[in-house]
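Below you'll find the structure, written out as structure tokens, and then a few comments.
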Amino acid sequence: MRSPRLKRCLDLLVAVPLFLLTLPVLLLIALLVRWQLGSPVLFRQTRPGLHARPFTLIKFRTMSEARDAQGRLLPDAQRLTGLGRLLRSTSLDELPTLWNVIRGDMSLVGPRPLLMRYLDRYTPEQARRHEVKPGITGWAQVNGRNALTWEQKFELDVWYVDHWTLALDLRILLMTLIKVLRREGISQPGQATAQEFMGRTGPQG
């Protein structure tokens with residue numbers, strides 16, 4: 001069944017109770033992040049949402065602001081703290097993102113919201129990932145997550161846009177729980193996080 005209203009109901013039925021139940025965990029993590037990394041506790045960044053409209057994504061901070069002698073931020077791998085690595089491997093850094101779902105910026109399931117600067121790097125087909133709300137988890141996340149290439153992720157994102165149903169969303173949520181427990185596909189091989197998407201290379205066909 002493809003009903004945006006029912007999808008929104010599912011989002012609220014899951015996100016609101018989960019947010020309330022995890023408030024003690026949110027508070028504990030906030031204190032740990034504040035103690036280790038200082039302020040701010042939350043990472044905020046503008047991301048493209050439905051139809052590429054910008055919204056502010058919130059997560060727990062996992063990286064320090066360490067810089068080199070020239071004042072430039074060090075690579076992600078050097079700024080990612082032990083606490084940050086734990087939060088990412090368990091996906092606990094994503095808990096504040098439930099607020100984005102409650103607000104309606106995001107859905108529980110959909111293509112992951114990427115960076116604003118990627119918008120002009122997509123092919124027209126890849127840009128179709130913005131035809132639905134972005135999600136905390138998605139079809140690409142349960143089929144390889146950051147271990148996939150960008151092209152593979154975008155193919156899966158567009159497949160989801162064309163095939164999403166409430167039954168598929170429930171399947172993805174269950175698969176996500178299994179992936180999180182197994183800590184699979186957290187980062188690309190040899191990378192602390194995903195490599196930057198630079199756009200399609202080679203013949204455009």
Side-chain angles (χ1 to χ4, degrees), residues 8-50 53-68 71-117 133-138 140-142 145-146 169 172-188 191-194 196:
R8 177 62 177 155
C9 288
L10 175 63
D11 286 341
L12 293 175
L13 284 172
V14 175
V16 172
L18 188 57
F19 185 80
L20 294 175
L21 286 171
T22 57
L23 276 176
V25 178
L26 286 161
L27 179 59
L28 176 60
I29 294 174
L31 291 173
L32 289 172
V33 173
R34 179 68 175 82
W35 172 66
Q36 185 171 101
L37 295 175
S39 184
V41 167
L42 295 176
F43 170 80
R44 300 173 185 268
Q45 190 174 62
T46 301
R47 299 284 179 95
L50 179 64
R53 289 192 294 266
F55 73 97
T56 302
L57 176 77
I58 55 174
K59 299 168 62 173
F60 280 121
R61 279 182 65 200
T62 57
M63 294 186 186
S64 71
E65 293 296 316
R67 299 175 183 269
D68 61 19
R72 296 170 299 194
L73 286 172
L74 294 175
D76 289 352
Q78 296 181 42
R79 295 190 295 120
L80 187 62
T81 65
L83 174 61
R85 192 170 290 106
L86 174 63
L87 293 179
R88 288 191 176 207
S89 68
T90 56
S91 296
L92 289 173
D93 63 317
E94 304 272 1
L95 283 179
T97 313
L98 288 170
W99 185 246
N100 287 121
V101 176
I102 294 170
R103 282 173 47 89
D105 302 321
M106 296 176 61
S107 178
L108 289 171
V109 179
R112 288 287 294 171
L114 301 175
L115 301 177
M116 294 295 294
R117 65 176 178 266
K133 286 183 181 180
I136 293 180
T137 186
Q141 280 61 52
V142 298
R145 202 173 176 181
N146 283 331
D169 280 5
I172 291 172
L173 289 173
L174 178 59
M175 292 174 70
T176 298
L177 178 60
I178 295 172
K179 291 282 183 179
V180 168
L181 292 175
R182 293 177 177 174
R183 302 189 185 184
E184 293 177 349
I186 302 300
S187 60
Q188 290 179 334
Q191 302 290 327
T193 55
E196 181 167 356

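Residues take their numbers from the sequence shown, with the count starting at 1.
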For residues 57-66, which side-chain N or O atoms pair as donor and acceptor with protein atoms under 3.5 Å away, sequence neighbours left out?
from  : atom 1 : to    : atom 2 : distance (Å)
Arg61 : NH1    : Leu37 : O      : 3.4
Arg61 : NH1    : Pro40 : O      : 3.0
Arg61 : NH2    : Met63 : O      : 3.2
Thr62 : OG1    : Arg88 : NE     : 3.0
Thr62 : OG1    : Arg88 : NH2    : 3.2
Ser64 : OG     : Ala66 : N      : 3.3

(request) Kindly check if the number of other-residue, nucleotide or ligand heavy atoms within 6.0 Å of CZ (Arg34) is above 12? (result) no
(message) Let me confirm one number: the CG-CG distance from Leu173 to Asp169, rounded to the nearest 0.5 Å.
(response) 6.5 Å
(request) Quick one: closest heavy-atom pair of Pro48 and Pro134, and the distance? (result) O-CG, 4.2 Å
(message) Going by the rule salt bridge (Lys or Arg N to Asp or Glu O under 4.0 Å), which residues pair with Arg112 if we only count those two or more places apart in sequence or in a different chain?
(response) Glu94
(message) To the nearest 0.5 Å, what is the distance between CG on Leu12 and OG on Ser107?
(response) 9.5 Å
(request) Compare every heavy atom of Met106 with every heavy atom of Asp11, then report the nearest pair and how far apart it is. (result) OD2-O, 4.2 Å
(message) Please report the interatomic distance CG(Leu18) to CG(Leu98), rounded to the nearest 0.5 Å.
(response) 5.0 Å
(message) Phe19: which residues meet the ring pair (Phe, Tyr, Trp, His ring centres under 6.0 Å) condition with it, sequence neighbours left out?
(response) Trp99
(request) Locate the shortest heavy-atom distance separating Gly84 from Leu80; write the atom from each residue and the value. (result) C-CD1, 3.9 Å
(message) Show me the pairs that pass salt bridge (Lys or Arg N to Asp or Glu O under 4.0 Å) and involve residues 99-111, at least two apart or across chains.
(response) Arg103-Asp105
(message) If I take atom CD1 from residue Ile136 and atom OG1 from residue Thr176, how far apart are they, to the nearest 0.5 angstrom?
(response) 10.0 Å
(request) For residues Pro96 and Leu42, report the shortest heavy-atom separation together with the two atoms involved. (result) CG-CD2, 3.9 Å
(request) Measure the spacing between CG of Leu114 and CD of Gln45 and express it to the nearest 0.5 Å. (result) 10.0 Å
(request) Could I get the full list of salt bridge (Lys or Arg N to Asp or Glu O under 4.0 Å) partners for Arg53, not counting sequence neighbours? (result) none
(message) What I'd like to find out is whether the side chain of Val142 reaches to under 4.5 Å of the side chain of Thr137, using heavy atoms alone.
(response) yes
(request) Just grab all the salt bridge (Lys or Arg N to Asp or Glu O under 4.0 Å) pairs involving residues 19-32, residues at least two apart or on different chains. (result) none
(message) Using every non-hydrogen atom in the two residues, find where Arg8 and Ile102 come nearest and quote the distance to one decimal.
(response) NH2-O, 2.8 Å
(request) Would you mind reporting whether Arg47 and Leu115 have side-chain heavy atoms less than 4.5 Å apart? (result) yes
(message) Restricting to non-hydrogen atoms, name the atom on Leu86 and the atom on Thr90 that form the minimum distance, rounded to 0.1 Å.
(response) O-OG1, 2.8 Å
(request) Check whether any side-chain N or O of Thr22 sits under 3.5 Å from a backbone N or O of Val25 as a donor-acceptor pair, and report yes or no. (result) no
(request) Drop me the distance from Lys133's NZ to Leu108's CG, to the nearest 0.5 angstrom. (result) 10.5 Å
